[in-house]
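Quick note on labels: first sequence line is chain A, next is B, and so on, each numbered from 1.
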Amino acid sequence: MPDCNPSSRSGRSWRRIVSTIDHYDKIPNNVNLQRDRKLQRALEKWQPNFLKWWMTMGPEGFQLDDIYLRTAISADSDGWAHFDYVRMPDYRWGIFLADPVEGRTIGFGDVSDVPAWQQVPGEHRNALKRLIVTQGDTEPASVEQQRLLGQTCPSLYDLRNLFQVNVEEGRHLWAMVYLLHNYFGRDGREEAEALLYRNSGDVDHPRILSAFNEPISDWLHFYMFTFFTDRDGKFQLLSLAESGFDPLARTCRFMLTEEAHHMFVGETGVLRVVQRACELMKEHKNEDVRALGGIDLPLVQRYLNFWYSTSLDLFGGEVSSNAAQYFGAGLKGRAYEQKKYEDHVILEDTYVVPTPGTDMVSEDTVPMRNALNTVLRDSYTEDCQRGVDKWNRAIEKEGINFTLSLPHVGFNRRIGVFSDQPITPDGQYISQEDWDSRRADWLPSDEDQQYVASLMTTVMERGKIANWIAPPSKGIKGKPFDFEYVRKYAEEK
Amino acid sequence: MERILFETDPDRYKHWKLEFDGATAILQMDVQEDQPLHDGYVLKLNSYDLGVDIELADAIQRLRFEHPEVKTLLVRSAKDRIFCSGANIFMLGLSNHGFKVNFCKYTNETRLYLEDLVEEIGVHTVCAVNGVCAGGGYELALACEKILLVDDGNAAVSLPETPLLAVLPGTGGLTRVVDKRKVRRDLADVFSTVAEGIRGARAAKWNLVDGVYPRSQFEDRVSDQLQRLNESSSRNDGNDPIRLEPLGGTYTDTTIEHRFVRVEIQPEERTATLVLQGPGSDEPTDAAGMRAKSQDLWAFRAFRELDDALLHLRFNHPTVGLLLLKTEGDPEAVLRVDAALVAERDKDFFVREIVLYMRRVLQRLDITARSLFAILEPGSCFHGSLLELALASDRSYMLDDPDNVVTVGLSELNFDVLKTHQGLTRLETRFYGEPNQVEELRGRIGEALEPEDADELGLVTFIPDDIDWEDEIRIAVEERVSLSPDALTGMEANLRLPGPETMATKIFGRLSAWQNWIFTRPNSTGESGALTLYGKPARAEFDWRRT
Ligand SMILES: [Fe+2]
Ligand SMILES: [Fe+2]
């Protein structure tokens with residue numbers, strides 16, 4: 001395997017890689033970068049640091065290989081998904097905003113119908129910066145979490161998908177950095193640097209949100225992460241896409257087009273694991289999937305429980321004055337604010353929020369604005385459920401009697417009203433002792449993870465796939481499954 | 001409202017854990033969210049209410065009496081990534097104005113007690129900030145000698161009151177930032193308007209904290225700091241603690257009863273009479289005897305009771321506008337106690353602590369926002385340390401009756417340690433324009449001064465004779481309680497402490513002048529004020545006119 005870690009490799013290819021990115025015309029964009037001296041100056045310093053970060057914290061290995069990747073080269077309908085072979089360090093991380101909407105006004109809160117802000121209002125500078133930094137921090141974090149996965153890929157198709165997700169998360173980082181550089185002055189530049197300085201799982205400089213400090217050590221984790229955690233990202237982006245700060249809204253709208261693929265990777269990844277489990281169950285007389293080297297459905301359920309509950313934490317407290325402030329100020333709306341809702345002021349409405357009662361989960365009615373984290377989370381849950389239903393249909397189609405389900409919102413939480421409450425996946429309060437003793441029934445145990453790890457052997461031959469997962473029903477961009485999605489670095493061959 | 005009690009002990013703490021590691025006391029904040037002092041709010045994220053602060057004040061007091069071996073105090077949080085998010089906003093929102101002001105005053109007094117530890121007895125204080133440190137949280141940190149902040153990209157110190165709530169930090173935050181930590185004023189301006197606060201290296205560069213360390217090194221750096229301070233501590237109080245037992249007073253709607261202090265409230269008149277019983281003739285005069293009597297030593301117990309009574313008056317009897325201060329007992333016995341305290345205070349830390357404690361209690365009296373009249377009647381003992389009650393009062397009335405002679409008298413203590421928040425004695429404050437008068441009075445120590453002398457020397461305000469006495473007092477009282485309580489609070493605060501400012505007088509002065517004013521302005525507490533609407537769906541609307 002070619003080792004392109006700059007710390008261990010002699011300088012030739014490293015220098016070549018760095019020299020290619022000194023030209024702004026290599027950065028596809030629709031923000032007039034070629035003319036924007038302020039932005040150029042900011043990126044001048046940041047860009048080499050990004051490349052260094054990518055080489056040290058990005059995918060381990062594969063950096064000289066040609067990957068069949070999608071690159072956004074313009075914001076219009078045929079430009080945002082340009083497919084070709086590219087080496088990851090040569091990937092053209094671009095800066096794109098969705099096309100402006102003529103005469104756009106702010107669509108919610110106390111500022112409804114005011115023209116959308118093209119510059120950051122001073123009043124909201126810090127809040128907006130915080131929102132952007134928090135979102136921006138998750139983008140490189142997931143690349144770091146996934147950096148070793150390539151080495152245990154189940155197929156070239158999956159390997160390519162992993163890298164597609166990785167480079168696009170890199171681009172999402174660029175998108176957030178663009179906003180910080182262009183609209184937040186010196187503070188923004190410092191925050192942009194800090195986005196590369198913090199690292200997932202680093203004791204001293206961890207990523208901001210805890211789900212992004214969990215290592216993603218196997219592919220089932222990866223699929224679950226892209227299904228559940230990227231989907232949190234989708235809902236955060238949807239709510240920011242409504243923002244009164246127009247550049248943020250447009251940036252997020254464009255990011256959403258890419259995010260869809262990440263969730264597709266997760267949804268179909270889990271689906272294929274489930275399908276394979278069903279096949280193996282039918283093959284073995286005792287339905288013992290593990291005996292045949294597969295991943296059994298109860299284990300899938302435990303991984304699901306972990307990632308769903310961990311991702312729920314990302315929505316923040318169930319009742320939040322920040323959320324109310326953000327909404328009132330026109331900074332962050334609800335998902336599909338314009339499409340889905342009639343009332344965009346919601347000062348009178350209330351919302352029912354689950355809350356811990358004595359020995360049981362009870363309910364609280366709170367002003368809608370304060371419940372917006374829960375509102376967003378509930379939309380998220382609905383969206384998750386649709387994916388889980390698809391998995392269950394596949395199981396049913398195979399004639400297997402097993403149902404995957406989302407655990408109760410109070411299960412295994414670290415943030416919000418249910419934080420550290422001993423609640424079972426079906427929403428029952430039990431004693432802490434009981435909960436601890438049954439933990440391994442509900443969440444991946446060390447043994448589970450060791451077992452999954454034992455299955456993770458590298459499959460890099462065209463058209464081949466690891467035993468624990470079914471092949472996809474179709475390839476990428478109309479290519480067959482056995483297409484050479486990753487071409488090894490020529491010197492190696 | 002339910003009566004608030006001020007006595008507690010470490011076994012009953014709900015929100016703090018006080019632990020000891022050799023010469024280091026570790027005070028860990030671990031606020032129980034579901035144990036607020038009153039119903040209606042939850043103490044999230046180590047936010048505090050009066051109940052939390054009462055325990056803090058108790059812990060500080062115990063370090064002085066019960067833990068002479070302690071040389072450093074570490075203030076920290078038991079919660080992961082949260083140090084303290086300040087006074088609970090929802091509690092403030094639910095509180096009436098008077099409670100808010102008294103809450104702030106109490107917490108300010110407690111912060112000063114924390115600072116007294118190092119200044120008076122050499123107990124160094126270190127604050128380990130492991131995460132969120134906002135508003136009152138940072139003000140607590142500011143009251144410590146050293147602030148160490150974890151540098152993890154998240155932990156920040158902040159004073160978000162102005163941008164978030166349209167009020168001021170109520171516990172001396174602004175003053176301490178520029179006066180104590182000497183943060184450059186323009187940087188302090190930036191700091192005080194950034195709701196999210198300042199993190200990492202910049203916090204250290206601006207001197208908002210003393211050091212920032214990565215998470216992995218944080219505990220070690222805190223230990224190093226404690227170690228260094230332990231070595232440099234000047235405290236040498238030995239190992240013989242004085243245990244603080246509860247006073248066990250009894251309280252009703254119209255009375256506060258202790259052994260030496262008794263308060264009777266006349267609700268209709270909006271007055272209260274506080275009678276402090278002087279010492280008996282058998283009070284010990286040597287350190288060993290005082291220690292043997294410990295709890296029950298008059299000088300200690302009477303002032304603890306006075307302290308408790310003042311807090312009850314402040315919080316549980318808000319409509320009492322005028323406090324009549326009286327004493328009963330033998331003047332000679334008071335002077336003997338004072339002389340013993342002066343003579344023995346270097347021999348046993350207990351004696352020294354009593355004197356320092358007297359000072360704190362009298363300071364509490366100085367800034368109690370009630371009119372204070374001292375009534376000097378036959379049988380009273382306004383001598384020495386008890387004369388301070390009269391000197392702290394807004395006015396004093398001394399009966400001039402040749403058949404029933406009332407006297408006042410001076411002791412060393414009137415010239416020494418019982419200073420106001422300005423760092424002046426009450427005599428220096430009283431004779432701010434006549435410093436020679438203080439010197440002259442020094443020559444009269446020990447004399448029993450009769451009304452005419454007392455008047456001549458300026459120690460009392462009025463000396464009505466026995467024929468006028470009752471009417472004079474009645475009219476004075478009636479007139480006083482008819483005046484606006486707000487105007488009186490402001491007027492008294494202006495007049496009580498003339499002379500130089502100190503950090504403490506600035507803190508209390510600005511608290512009453514600015515913070516209290518802002519608290520009542522519509523921009524903070526009006527219908528659409530920021531404090532009113534905090535946590536609610538609607539956003540604040542301001543009246544943009546500057547005053
Ligand atoms: Fe993303
Ligand atoms: Fe993503």
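Neither the backbone nor the side chain of A:Asp349 comes within less than 4.5 Å of any heavy atom in chain B. Contacts between A:Ala329 and chain B at a heavy-atom distance below 4.5 Å involve backbone atoms as well as side-chain atoms. Within the 4.5 angstrom heavy-atom criterion, atoms from both the backbone and the side chain of B:Asp152 approach chain A.
When the shell of 6.0 Å around CD of B:Glu527 is examined, it contains 12 or fewer heavy atoms from other residues, nucleotides or ligands. By the 6.0 Å contact criterion, CD on B:Glu541 is open, its count of non-hydrogen atoms from other residues, nucleotides or ligands being 12 or less. Sparse packing is recorded around CD of B:Gln227, with 12 or fewer heavy atoms of other residues, nucleotides or ligands lying under 6.0 Å away. Within a 6.0 Å radius of CH2 in B:Trp517, more than 12 heavy atoms belonging to other residues, nucleotides or ligands are found. Other residues, nucleotides and ligands contribute more than 12 heavy atoms inside 6.0 Å of the CG atom of B:Asp34. No more than 12 heavy-atom neighbours from other residues, nucleotides or ligands sit within 6.0 angstrom of OH on A:Tyr197. Heavy atoms of other residues, nucleotides or ligands lying less than 6.0 angstrom from CZ of B:Arg12 number more than 12.
The side chain to side chain contact (heavy atoms under 4.5 Å, CB included) with B:Pro537 is formed by just one residue from the set A:Val366, A:Asn370, A:Leu372; it is A:Asn370.
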Worksheet entry | Working for side-chain contact (heavy atoms from CB on, under 4.5 Å), residues A:His205 and B:Arg215 | CA-CA 8 Å; A:His205 309 286; B:Arg215 195 165 282 285; over 6 Å; no

Worksheet item: What do the steps show when you test B:Lys536 against A:Arg369 for side-chain contact (heavy atoms from CB on, under 4.5 Å), and what is the final call?
Response: CA-CA 8 Å; B:Lys536 302 224 172 74; A:Arg369 281 193 182 183; over 6 Å; no

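In this structure, the separation between CD1 on A:Ile208 and CG on B:Asn154 is 5.5 Å, given to the nearest 0.5 Å. Here the straight-line distance linking atom CG of A:Asn126 with atom OG1 of B:Thr193 works out to 8.0 Å at 0.5 Å rounding. Atom OG of A:Ser321 sits about 11.5 Å away from atom CG of B:Leu533, to the nearest 0.5 Å.
In terms of heavy-atom pairs under 4.5 Å with chain B, the best-connected choice from A:Ala371, A:Ala324, A:Gly328 is A:Gly328. In terms of heavy-atom pairs under 4.5 angstrom with chain B, the leader among A:Met368, A:Gln325, A:Glu123, A:Arg198 is A:Gln325.
Taking 4.0 Å as the cut-off between side-chain N and carboxylate O, A:Glu191 and B:Arg199 count as a salt-bridged pair. A salt bridge links A:Asp110 to B:Arg539: one of the charged nitrogens lies within less than 4.0 Å of a carboxylate oxygen.
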